[in-house]
Number of protein chains: 2
Amino acid sequence: MSFNTPTKTVLYSIEETIKAYRKLSQYNISSIVPKITIDQALILIIISHSDNTQTEIANLIFKDYASMTRIINLMISKDYLTKTLDKIDKRKAKLKITENGKIIIEKLTPMIKLNRETALKNISYKEQEQLFKILKKITQNCKTIDNEN
Amino acid sequence: MSFNTPTKTVLYSIEETIKAYRKLSQYNISSIVPKITIDQALILIIISHSDNTQTEIANLIFKDYASMTRIINLMISKDYLTKTLDKIDKRKAKLKITENGKIIIEKLTPMIKLNRETALKNISYKEQEQLFKILKKITQNCKTIDNEN
DNA sequence: AGAATATACTTGATATGTCAAGTAATAGTG
DNA sequence: CACTATTACTTGACATATCAAGTATATTCT
């Protein structure tokens with residue numbers, strides 16, 4: 001066969017893995033806090049550790065700014081967060097976790113940890129390092145837009 | 001810090017990598033055939049190599065059946081595909097590539113190959129094997145739903 | 001200060017992801 | 001053959017992804 005079906009590439013294993021992980025995470029998180037998404041849970045936890053702006057959070061979790069706006073709005077409407085303007089720089093948003101949001105974090109934190117452990121069970125530290133290195137290389141390759149060659 | 005931010009896990013590198021790859025692919029494909037998505041291009045190529053049913057294709061590329069229905073409908077409306085009922089089993093859909101679709105495949109095939117090469121540049125065969133193995137392990141871990149432990 | 005840029009975020013349009021519920025056709029069972 | 005279960009796909013509702021265009025505020029430059 002002169003042209004291997006793209007699905008045979010390792011790149012599709014990456015897709016497969018991330019989808020499996022997301023599914024597991026969502027399933028387990030939903031069993032504790034129904035209707036929250038893994039993205040929303042992740043964002044809650046990030047905010048609880050620092051007071052990043054929307055844009056900074058978006059960059060942390062590789063999300064588009066547009067998506068971020070929408071996710072944040074949903075989280076506000078669900079009473080996980082409040083948003084006020086930064087008094088120094090009125091372009092920026094100050095995100096604060098509500099009491100309700102704090103309770104949710106308490107509930108979810110152990111499960112999120114467990115999800116990671118479940119996914120990485122029997123993956124040695126060395127393997128995780130290898131994985132990390134190779135993935136970073138691929139990421140870099142993809143970011144050098146000029147593919148003259 | 002007692003609870004590492006989830007974004008520090010290798011699992012988020014997986015997200016990062018797949019997003020970078022998708023971005024590169026979409027960017028390059030769009031330069032040749034505007035308005036086609038990488039998913040649609042991938043599906044076109046898969047159909048051109050076999051006559052799988054929708055469900056089978058969905059499984060190949062890890063897509064939900066609902067998404068598949070919608071993507072196929074879009075592809076029909078864009079004149080990439082036609083769909084008829086299988087005469088033997090009327091539940092099944094027969095997907096056929098239109099002339100227009102064939103031209104698009106011709107145009108895109110080299111670029112899709114190049115995208116893969118770009119992403120995997122300087123990743124040795126051995127590394128790809130390692131990557132594949134570790135990813136499969138993680139995928140398996142995530143699919144064993146019972147995380148009693 | 002005024003103009004040009006840049007930053008932080010928003011909105012619209014369209015595509016896809018995901019769960020739940022539904023339809024039509026087929027297969028399996030008593 | 002009637003009944004039930006399964007399969008293949010669809011639809012609705014909602015969340016997120018992505019690009020493009022837009023708004024408001026800050027910053028830089030002249």
Side-chain angles (χ1 to χ4, degrees), chain A residues 15-16 18-31 33-43 51-78 80-81 83-95, chain B residues 15-16 18-31 33-43 51-78 80-81 83-95:
Chain A
E15 278 276 0
E16 185 180 19
I18 201 64
K19 285 193 179 174
Y21 176 60
R22 288 192 147 254
K23 205 155 199 166
L24 169 77
S25 299
Q26 185 64 65
Y27 180 84
N28 285 336
I29 283 180
S30 294
S31 73
V33 180
K35 301 202 174 181
I36 198 171
T37 69
I38 36 174
D39 291 314
Q40 292 173 6
L42 178 58
I43 290 170
D51 61 339
N52 295 309
T53 63
Q54 271 186 219
T55 304
E56 288 165 344
I57 298 170
N59 290 331
L60 264 177
I61 59 179
F62 321 114
K63 290 216 180 288
D64 192 84
Y65 307 128
S67 295
M68 195 40 77
T69 296
R70 286 168 183 130
I71 296 173
I72 294 294
N73 284 342
L74 277 171
M75 291 177 75
I76 292 168
S77 75
K78 284 178 174 178
Y80 302 155
L81 288 180
K83 173 159 149 183
T84 52
L85 291 184
D86 184 304
K87 284 182 185 169
I88 299 169
D89 186 337
K90 286 177 189 166
R91 291 169 305 183
K92 291 181 183 172
K94 279 274 175 210
L95 300 171
Chain B
E15 265 300 342
E16 185 181 19
I18 201 64
K19 284 192 179 175
Y21 176 60
R22 285 190 149 257
K23 204 155 198 168
L24 169 76
S25 298
Q26 185 65 66
Y27 180 84
N28 285 336
I29 282 180
S30 294
S31 73
V33 179
K35 302 202 172 179
I36 198 169
T37 69
I38 36 174
D39 291 314
Q40 291 172 7
L42 178 57
I43 290 170
D51 61 339
N52 294 311
T53 64
Q54 272 186 219
T55 305
E56 287 165 344
I57 297 170
N59 291 332
L60 264 177
I61 59 179
F62 320 115
K63 290 214 181 289
D64 193 85
Y65 307 129
S67 295
M68 195 42 77
T69 295
R70 285 167 184 131
I71 296 173
I72 294 295
N73 284 342
L74 277 172
M75 292 178 74
I76 291 168
S77 75
K78 285 179 174 176
Y80 301 156
L81 288 181
K83 174 160 148 183
T84 51
L85 290 184
D86 185 303
K87 286 183 183 170
I88 300 169
D89 186 339
K90 285 176 190 169
R91 290 170 305 182
K92 292 182 183 171
K94 278 276 175 208
L95 300 170

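In what follows, every chain begins at residue 1, and chains take the letters A, B, ... in the order their sequences are listed.
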Which one, [options], comes nearest to the side chain of [X]?
X: B:Arg91; options: C:dT10, C:dA15, D:dT6; result: D:dT6
X: A:Ile71; options: C:dA25, D:dC19, D:dT16; result: D:dT16
X: A:Gln40; options: C:dC19, D:dT10, D:dA15; result: D:dA15

Provide, to the nearest angstrom, the distance between the [atom1] atom belonging to [X] and the [atom2] atom belonging to [N].
X: B:Ile36; N: D:dT18; atom1: CD1; atom2: C1'; value: 16 Å
X: A:Tyr21; N: C:dT18; atom1: OH; atom2: P; value: 14 Å
X: A:Tyr27; N: C:dA20; atom1: OH; atom2: P; value: 10 Å
X: B:Asp64; N: D:dA8; atom1: CG; atom2: P; value: 15 Å

Worksheet item: Quick one: which of B:Lys83, B:Lys63, B:Lys92 gives a side chain to side chain donor-acceptor pair (under 3.5 Å) with B:Gln54?
Response: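 Exactly one option meets the side chain to side chain donor-acceptor pair (under 3.5 Å) with B:Gln54, and it is B:Lys83.
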
Using a 4.0 Å heavy-atom cut-off, does [X] contact any base of the nucleic acid, only the sugar-phosphate backbone, or nothing at all?
X: A:Thr55; result: sugar-phosphate
X: B:Asp89; result: sugar-phosphate
X: A:Ser67; result: base
X: A:Arg70; result: base
X: B:Ile88; result: sugar-phosphate

Worksheet item: Within the side chain of B:Ser31, is there an N or O that forms a donor-acceptor pair under 3.5 Å with the backbone of B:Asn28?
Response: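 Checking the backbone N and O of B:Asn28 against the side chain of B:Ser31, a donor-acceptor pair under 3.5 Å is found.
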
Discussion item. Between B:Ser77 (side chain only) and B:Leu74 (backbone N and O only), is there a donor and an acceptor less than 3.5 Å apart?
Written reply: yes

Worksheet entry | Side-chain heavy atoms of B:Ile43 within contact of B:Ile57, under 4.5 Å | yes

Worksheet item: Is any side-chain heavy atom of A:Lys78 less than 4.5 Å from a side-chain heavy atom of A:Ile36?
Response: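 No, every pair of side-chain atoms sits at 4.5 Å or beyond.
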
Fill in: Earlier contact from the 5' end, DNA chain D, for A:Ile38 and A:Lys87
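Nearest nucleotide further toward 5': that of A:Ile38.
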
Worksheet entry | Closest-nucleotide 5' rank along DNA chain D - winner of B:Ile72 and A:Asp39 | B:Ile72

So, is [X] near the phosphate of [N], with a side-chain N or O under 4.0 Å from OP1 or OP2?
X: B:Gln26; N: D:dC19; value: no
X: A:Lys83; N: C:dT10; value: yes
X: B:Thr37; N: C:dT16; value: yes
X: B:Lys19; N: D:dA17; value: yes
X: B:Thr53; N: D:dC9; value: yes
X: A:Lys63; N: D:dA17; value: yes

